[in-house]
Every structure is written in C-alpha cells, then in structure tokens.
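Below is one structure, written out as structure tokens; the observations come after it.
Below, each value reflects all heavy atoms present in this structure, side chains not excepted, and no hydrogens, waters or symmetry copies. In this text the structure is predicted, and so the values were computed from the model without any measurement.
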Amino acid sequence: MSSDNQENQPCDACGCSAEVGYMIKEGDDVAAISIFAPNKQQLEAELQEYLVLANTVNENVVHTIVNATENELQARLQFECSAEKLIFELKSRSLSK
C-alpha cells in the first residue's frame, strides 16, 4: 500500500471543475428570482414557496419585490453571506419549473 501524498485535484466526473472560491464571491449575497404563472394568486403562492425555502437557509433573509404584473413576478432575496445565497440557489432548483 502506497502512502504517497497526492495533490488535490478537481473532480471532473460531471464534466466540469471549479474551485469553491470561484463560486462563492464576497459580496454576492443577493439572489434574483423570476416567477411566471397564469394569475396573481399562483404567483404569490409560488413566491411563498421560495420564501419558505430561503428561511430554511437563513431566517434573516430579506425579500424585495422588484416587479410584479398579472403573470410575472421578479424578486430579490438578500442573504447575510454569499454561501447562503449559493445554498439557496442550489436548493431552489427543485422549485424551478
């Protein structure tokens, strides 16, 4: 059995590689979401799903509705740090339609 130390190498099993410092940028703590639905009630229901998910990442998240029409809603979620935003974005993929 060899005990040689190997240099850490990025995994390219998924076809991509990146360093964590490249993905988590200081000051990049605002997530933008766009929701499309046939009516305002459904828009608000889907926004609520995003807010519940955001609160599981950080209870202090602040949301602002940027634009709202009958069929579209755009909002921004301000997290306390960049890592929380990244976690939210990864978790919210299950909500995207």
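Lys91 and Ser94 make their closest contact through O-OG, 3.1 Å (heavy atoms, listed as atom of the first residue, atom of the second, distance). The nearest pair of heavy atoms linking Ile35 to Leu43 is O-CD2, 3.4 Å.
Criterion: ILVMFWY side-chain heavy atoms under 4.5 Å apart, direct or through other members. Under it, Val62 and Val30 are not part of a common hydrophobic cluster. Note: the hydrophobic cluster containing Phe36 does not contain Leu77 (ILVMFWY, side chain heavy atoms under 4.5 Å, direct or indirect links).
At least one side-chain heavy atom of Leu53 sits less than 4.5 Å from a side-chain heavy atom of Thr56. Annotation: side chain of Leu51 is not in contact with side chain of Val61 (no heavy-atom distance under 4.5 Å).
For Thr69, the side chain to side chain contact (heavy atoms under 4.5 Å, CB included) partners are Asn67, Glu72, not counting sequence neighbours. For Lys40, the side chain to side chain contact (heavy atoms under 4.5 Å, CB included) partners are Glu44, Glu70, not counting sequence neighbours.
Taking CD from Gln48 and CG from Asn55, the interatomic distance works out to 8.5 Å, rounded to the nearest 0.5 Å.
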Inset, instruction - Dump the intermediate steps for side chain to side chain contact (heavy atoms under 4.5 Å, CB included) on Phe88 and Ile33, then the final yes or no. - result: CA-CA 11 Å; Phe88 168 77; Ile33 57 172; 4.2 Å; yes

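Within the structure, the salt bridge (charged side-chain N to carboxylate O under 4.0 Å, His left out) test picks out the following pairs touching residues 77-87 (sequence neighbours left out): Asp28-Lys85, Lys85-Glu89.
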